[in-house]
Protein chains: 2
Amino acid sequence: MNAKTNPSYLALNTYTKLMRAAESVTNRVGRTMSAAGLTISQFGVLEALHHKGPLCQRDIAAKILKSTGNITLVIDNLEKQALVKRERISEDRRYLTVTLTESGETLIRTVFSDVESAIVTEMDSLTSEEQETLGMLSKKLGLPEGK
Amino acid sequence: MNAKTNPSYLALNTYTKLMRAAESVTNRVGRTMSAAGLTISQFGVLEALHHKGPLCQRDIAAKILKSTGNITLVIDNLEKQALVKRERISEDRRYLTVTLTESGETLIRTVFSDVESAIVTEMDSLTSEEQETLGMLSKKLGLPEGK
DNA sequence: CTCATATAGTTTGATATCAAATGATATGAC
DNA sequence: GTCATATCATTTGATATCAAACTATATGAG
């Protein structure tokens, strides 16, 4: 049985192409973030705060799919740059509420718009119909295991 | 202009779904590797050696799209587990040839086959035709910038 | 041959990431 | 009220990753 007649061939081939696509796009879009001095996670945190308003670290972690231990460090680094601040304003004193500072708000507005443009540029190699199809197929694959 | 009439909406939406799909699949397939005590990069190195035979670090880095500095450490860790060995067999004494040991060869055979199965399982949520379409669209997106 | 330059690999320093352990606080059972 | 348990955050230790500096070796120009 040669490679192309192996019944797994199609699946493996599709997988490889999907991974390459995701990686290429991530790298290119990521440049827009690093040009602004942000890592992808940092951008994710700022973007979450920008769209959802102040959040506790637990919720931020859930939103960007990282561990809470990880978020602690990401927030540390954002705080050093004075882009966010931590406050204990909830009644439950275990919660730290993370808020964008003014400069954080300004930065994320600009960078978010730049990233948006970069994504649109990336997707421009597909027609609208192709984008819809890709979105639909990706969604099927991305569903949690149980389906 | 609300979200859905924004001309960027489709692109952003497609992007998000693509990223989620890639991440979900990577995480699920990655479990097969970590079950064998391998990181994704370590698996990548072993797999490259398995399919291409002995390689120098430079070529391994190129194959799995990581920096050579990075490969040094990955190989260090594989060497500690006695899965690969470094030898200076090229005429050019700058080159280190990395080879699978017998236990490395045995391990990668098993794990590769498990990973293959995991990928096939993942792709099973799509029909063959859908997989072909996804592959084709991914390929368009994954092309280097110049196209 | 000698020197400049290029290349292979290593090391270092920074950030990211997770998992596991820990500390602080809140909550529920009694 | 007190104790057991759960939750939020931090810390620690491991690996991963990149970029930049560095070492050793090779190669080409003269």
Side-chain angles (χ1 to χ4, degrees), chain A residues 19 22-23 26-28 30-31 33-49 54-81 83-99, chain B residues 19 22-23 26-28 30-31 33-49 54-81 83-99:
Chain A
M19 291 304 143
E23 192 165 332
T26 301
N27 285 339
R28 294 196 288 253
R31 273 182 227 155
M33 301 172 195
S34 56
L38 297 175
T39 65
I40 293 179
S41 290
Q42 289 173 352
F43 174 83
V45 170
L46 295 183
E47 195 260 321
L49 296 175
L55 293 173
C56 70
Q57 297 195 179
R58 178 91 191 71
D59 292 344
I60 295 173
K63 179 78 168 57
I64 71 169
L65 309 173
K66 302 281 144 131
S67 69
T68 62
N70 193 358
I71 290 302
T72 294
L73 185 61
V74 176
I75 306 272
D76 281 352
N77 289 328
L78 288 172
E79 210 172 26
K80 277 181 209 153
Q81 300 177 64
L83 297 173
V84 303
K85 55 179 189 279
R86 287 171 159 118
E87 289 165 310
R88 227 174 266 281
I89 57 183
S90 160
E91 280 180 20
D92 189 331
R93 301 192 51 249
R94 291 171 307 176
Y95 287 74
L96 281 173
T97 302
V98 182
T99 316
Chain B
M19 290 305 142
E23 191 165 333
T26 301
N27 285 339
R28 294 196 288 254
R31 272 182 227 154
M33 300 173 195
S34 56
L38 296 176
T39 64
I40 293 179
S41 290
Q42 287 172 354
F43 174 84
V45 171
L46 294 183
E47 195 261 322
L49 295 175
L55 293 173
C56 69
Q57 297 194 180
R58 178 89 191 74
D59 292 344
I60 294 174
K63 179 76 168 57
I64 70 170
L65 307 173
K66 304 280 144 125
S67 68
T68 62
N70 195 358
I71 291 302
T72 294
L73 185 60
V74 175
I75 305 272
D76 281 353
N77 290 328
L78 288 172
E79 210 171 26
K80 277 181 210 155
Q81 300 179 63
L83 298 173
V84 303
K85 55 179 187 280
R86 287 171 160 116
E87 290 165 310
R88 229 175 264 279
I89 57 181
S90 159
E91 280 182 20
D92 188 332
R93 300 193 52 247
R94 291 171 307 175
Y95 286 75
L96 281 174
T97 302
V98 182
T99 316

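What you see is a predicted model; the values in this text were computed from it and never measured. Here is how names work: the chains are called A, B, and so on, in the same order as the sequence lines, proteins then strands, and each is numbered from 1.
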Whether E79(A) side chain and R86(A) backbone form a donor-acceptor pair below 3.5 Å: yes
Which atom names give the shortest non-hydrogen contact between [X] and [Y], and what distance separates them?
| X | Y | value |
| --- | --- | --- |
| R88(A) | Y95(A) | CG-O, 3.5 Å |
| V98(A) | L49(A) | O-CD2, 3.4 Å |
| A22(B) | A22(A) | CB-CB, 3.4 Å |
| K63(A) | A48(A) | CG-CB, 3.9 Å |
| K66(B) | S41(B) | NZ-OG, 4.0 Å |

Below 4.0 angstrom from OP1 or OP2 of [N], is there any side-chain N or O of [X]?
| X | N | result |
| --- | --- | --- |
| R86(A) | dT10(D) | yes |
| R94(B) | dA24(D) | no |
| Q57(A) | dT10(D) | yes |

Does any non-hydrogen side-chain atom of I60(A) lie less than 4.5 Å from one of I75(A)?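 A side-chain contact under 4.5 Å exists here.
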Does D92(A) or I40(A) map to a spot on DNA chain C nearer the 5' end, using the closest nucleotide for each?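 First, find each residue's nearest nucleotide; the 5'-ward one identifies I40(A).
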With DNA chain C as reference, determine whether R93(A) or K66(A) sits nearer its 5' end, using the nearest nucleotide of each. K66(A)
Which residues in residues 68-77 of chain B have at least one heavy atom lying under 4.0 Å from any atom of DNA chain D? N70(B), L73(B), N77(B)
Go through DNA chain C in 5' to 3' direction and return only the first and the last nucleotide with some atom under 4.0 Å of chain B's heavy atoms.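 Nucleotide range in contact with chain B: dA6(C) to dT11(C).
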Considering residues at least two apart in sequence or located in another chain, which fulfil the side chain to side chain contact (heavy atoms under 4.5 Å, CB included) criterion with T99(B)?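 Counting only residues at least two positions away or on another chain, T99(B) forms a side chain to side chain contact (heavy atoms under 4.5 Å, CB included) with P54(B), K85(B), E87(B), T97(B).
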Interatomic distance, L96(A) CG vs dC8(D) C1' [rounded to whole Å]: 8 Å
